[in-house]
There are 2 protein chains.
Amino acid sequence: MLCVDTTQLLKGVLDLAVLAALRDEDGYGYDILRRLRAAGLQDVGDASVYGTLRRLFTGGFLNTYVVPSDEGPHRKYYALNAAGRAELDRNGKTWREFASTMNDLLGDRGIV
Amino acid sequence: MLCVDTTQLLKGVLDLAVLAALRDEDGYGYDILRRLRAAGLQDVGDASVYGTLRRLFTGGFLNTYVVPSDEGPHRKYYALNAAGRAELDRNGKTWREFASTMNDLLGDRGIV
DNA sequence: CACAGTACTGTGCAATCCGAAGTACCGTCA
DNA sequence: TGACGGTACTTCGGATTGCACAGTACTGTG
């Protein structure tokens, strides 16, 4: 479809969303998935989140450590490092500017 | 790169941006390109805009007509039709919701 | 032991944006 | 006349990225 479906909107923003989900607390993939869905991103697929985490990790924005779990397989925790926080700030700013540009284009008619 | 570069942010929003650019006035590709760039989307490529216009047209959201020009080749004008306006409304709403979700995630700390 | 739930990995597909190159038309300047 | 720059559009191939699907592996329960 054309349409602005959430799938397409997510492109390029998922990185930012995942960084933001890790801002206050370390987390492992499955949990981050739940955080994002709870936050309103109902449609994120699990594979997307895991992929993003790996991408951010190889990009050097995350540290990782494994924690065994009592109730299932091990959990691979991810944590923001300095580069990650810098990324989060930068990308957050880019996002805000972009969003504001779009709102202007859309006519900026008041409230959501 | 990772990073939220505007290129990636545009994905899935360009349709909406183009629809918005046509809301008040018909336009042809080259002109819409200028409108978008003037609005702040400096980095849109021409091919993207032309491609989007064609996609929106085949999707049934735009009408089109050709106007010869005194100062160059013909211009293929595009105009929103009823379906296009409906799309614009719907997608605009989706965008606003999505943007608001993202802002929540980001911590919604005040100013742009 | 089968099964459901948790947690992660790998593969291949589809969508879409972009750069580059190409076509074509116009007016100007030499 | 011919070269050139600006306008306007098309086509092609490359690159990212999100997702569905399938598969691995560990846990506790019936």
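So that the names make sense, note that chain A is the first sequence line, chain B the second, and so on, each numbered from 1. Just so we're clear, the structure is a prediction, and the values are computed from it rather than from any experiment.
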- prompt: Which letter, B, S or -, goes with each nucleotide of nucleotides 4-14 of chain D from 5' to 3', with contact meaning a protein heavy atom under 4.0 Å?
  reply: ---BBBBB---
message: Checking one residue: V66(B). Which other hydrophobic residues are in its cluster under the side-chain 4.5 Å linking rule?
response: none
task: In whole angstrom, give the distance that lies between atom CZ of F98(B) and atom P of dG18(D).
output: 10 Å
- request: Using whole Å, report how far CG of L16(A) lies from P of dG18(D).
  value: 11 Å
Under the side-chain contact (heavy atoms from CB on, under 4.5 Å) test, residues paired with A39(B) that sit two or more places apart: L105(A)
- prompt: Under the salt bridge (Lys or Arg N to Asp or Glu O under 4.0 Å) rule, what pairs show up with a residue in residues 34-47 of chain A, not counting sequence neighbours?
  reply: D31(A)-R35(A)
- prompt: Rest of the hydrophobic cluster containing Y30(B) (Ile/Leu/Val/Met/Phe/Trp/Tyr, side-chain heavy atoms under 4.5 Å)?
  reply: Y28(B), Y50(B), Y65(B), V67(B), Y77(B)
- prompt: Does L106(A) reach the side chain of W95(B), with side-chain heavy atoms less than 4.5 Å apart?
  reply: yes
task: Measure from CG on N91(B) to P on dT16(C) and round the result to the nearest Å.
output: 12 Å
task: Write down the distance between CD (Q8(A)) and P (dG18(D)), rounded to a whole number of angstrom.
output: 10 Å
message: Side-chain N or O of R55(B) versus OP1/OP2 of dA15(C): is the shortest distance under 4.0 Å?
response: no
query: Does the side chain of T7(B) get closer than 4.0 angstrom to OP1 or OP2 of dT16(D) through an N or O atom?
result: no
query: Ignoring hydrogens and angles, are the base of dT16(D) and the side chain of K11(B) linked by a donor-acceptor pair under 3.5 Å?
result: yes
task: Check the distance between dA7(C)'s P and L53(A)'s CG and give it to me in whole angstrom.
output: 14 Å
query: To the nearest angstrom, how far is R37(B) atom CZ from dC17(C) atom C1'?
result: 13 Å
- request: Quickly work out the F57(A) CZ to dC8(C) P distance and round it to whole Å.
  value: 14 Å
message: Tell me every residue that passes ring-ring contact (aromatic ring centres under 6.0 Å, His included) with F98(B), counting only those two or more places apart in sequence or in another chain.
response: none
